[in-house]
Amino acid sequence: MLIVTGYLYVAPAELAQFMTHLKALANVTRQRDGNISYDAAVDDADTGRLLLSERWADQVALTAHLTADETVQFVNQWSGRMRADIRKYDALNERDLMEG
């Protein structure tokens, strides 16, 4: 499993519009093969910072998402108006939270 997480930043004045567009993308993304979860939340509205959390079955699924028309359109639409500090992690030892 792959975990994608980090921060997105947009101008606070554009936050509501950005969230509307991101929610539309999330609805499509959650239906994609290999998507386990896709979520974003406003972390600090005053600075326009959002926390992004995604889980994917594998790199093939993540690549399909990143190259999908809706994703490319979203990125192009917000290019220059958002910045991101996003990282990808391999989860090789997944277990319940309380499990040692």
Side-chain angles (χ1 to χ4, degrees):
M1 175 176 59
L2 297 175
I3 298 171
V4 177
T5 190
Y7 293 102
L8 296 169
Y9 301 87
V10 297
E14 293 190 288
L15 185 57
Q17 181 184 21
F18 182 83
M19 287 302 295
T20 298
H21 294 170
L22 184 59
K23 285 179 184 179
L25 177 63
N27 288 335
V28 171
T29 299
R30 290 181 184 126
Q31 304 305 311
R32 293 195 172 125
D33 288 339
N35 178 259
I36 300 167
S37 66
Y38 188 90
D39 300 288
V42 176
D43 184 55
D44 185 349
D46 292 339
T47 62
R49 183 175 67 194
L50 297 93
L51 177 61
L52 179 72
S53 175
E54 306 175 28
R55 292 186 300 154
W56 295 91
D58 53 33
Q59 185 62 51
V60 171
L62 177 57
T63 299
H65 161 66
L66 294 173
T67 60
D69 290 342
E70 298 89 354
T71 306
V72 172
Q73 180 182 7
F74 175 84
V75 171
N76 288 340
Q77 181 177 14
W78 285 94
S79 180
R81 297 188 296 156
M82 75 170 175
R83 67 182 175 84
D85 180 14
I86 306 292
R87 300 289 184 262
K88 173 179 69 175
Y89 302 90
D90 296 297
L92 302 176
N93 190 20
E94 182 182 1
R95 59 195 177 280
D96 288 333
L97 181 61
M98 298 305 290
E99 188 177 324

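If you're wondering where the values come from, they're calculated on a predicted model, not measured in any experiment.
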Engineer: Indicate if Met19 and Val28 have the same hydrophobic cluster label, given that clusters are the connected sets of ILVMFWY residues with side-chain heavy-atom separations under 4.5 angstrom.
Structural biologist: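 Result: no, two separate clusters.
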
Engineer: From Arg55 CZ over to Asn35 CG, what is the distance, rounded to the nearest 0.5 angstrom?
Structural biologist: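 One gets 9.0 Å once the value is rounded to the nearest 0.5 Å.
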
Engineer: Just do the side chain to side chain contact (heavy atoms under 4.5 Å, CB included) check on Thr29 and Trp56 with the steps written out, would you?
Structural biologist: CA-CA 11 Å; Thr29 299; Trp56 295 91; 3.6 Å; yes

Engineer: Can you list the residues that meet the ring-ring contact (aromatic ring centres under 6.0 Å, His included) rule with Tyr38, with sequence neighbours excluded?
Structural biologist: His65

Engineer: With side-chain contact (heavy atoms from CB on, under 4.5 Å) as the test, pick out the partner of Val10 among Thr47, Leu50, Leu22.
Structural biologist: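 The single option meeting the side-chain contact (heavy atoms from CB on, under 4.5 Å) with Val10 is Leu50.
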
Engineer: Check for me, please, whether Val60 and Leu66 land in the same ILVMFWY cluster - side-chain distances under 4.5 Å, paths through other members count.
Structural biologist: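 No, Val60 and Leu66 fall in different hydrophobic clusters.
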
Engineer: More than 12 heavy atoms of other residues, nucleotides or ligands under 6.0 Å from CD of Gln73: is that the case?
Structural biologist: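 No, CD of Gln73 has 12 or fewer neighbouring heavy atoms, counting only those of other groups under 6.0 Å.
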
Engineer: Kindly give the heavy-atom pair with the smallest separation between Ala45 and Pro12, and that separation in Å.
Structural biologist: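 Distance-wise, the nearest heavy atoms are O-CB, 3.6 Å.
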
Engineer: Can you list the other members of the hydrophobic cluster that holds Leu92, where links are side-chain heavy atoms under 4.5 angstrom apart?
Structural biologist: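 Grouped by the 4.5 Å side-chain rule, Leu92 forms a cluster of one, so the answer is none.
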
Engineer: Could you grab the distance from atom CG of Leu52 to atom CG of Asp85, nearest 0.5 Å is fine?
Structural biologist: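 Here the rounded value is 11.0 Å.
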
Engineer: If you take all heavy atoms of Leu62 and Val4, which pair is closest and at what distance?
Structural biologist: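 Looking at all heavy atoms of both residues, the closest pair is CD2-CG2, 4.0 Å.
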
Engineer: Using the side chain to side chain donor-acceptor pair (under 3.5 Å) rule, collect all pairs that involve residues 3-21, keeping only residues at least two apart or in two chains.
Structural biologist: Glu14-Arg81, His21-Gln77, His21-Trp78

Engineer: Quick one: CD1 on Ile3 to CD on Glu94, what's the gap to the nearest 0.5 Å?
Structural biologist: 7.5 Å

Engineer: Test of understanding: clusters of I, L, V, M, F, W, Y form through side-chain heavy atoms closer than 4.5 Å, transitively. Do Ile86 and Met82 belong to the same one?
Structural biologist: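 Yes, same cluster.
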
Engineer: Of all the heavy-atom pairs spanning Thr71 and Arg32, show the shortest one and how long it is.
Structural biologist: OG1-NH1, 3.2 Å

Engineer: So, for Leu2 and Asp58, which heavy atoms are closest and what is the spacing to 0.1 Å?
Structural biologist: CD1-C, 3.7 Å

Engineer: Inspect the surroundings of CG in Asp33 and state if more than 12 heavy atoms from other residues, nucleotides or ligands are less than 6.0 Å away.
Structural biologist: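 12 or below, so no.
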
Engineer: Answer yes or no: is there an ion pair linking Arg30 with Asp39, defined by an N-O contact shorter than 4.0 Å?
Structural biologist: yes

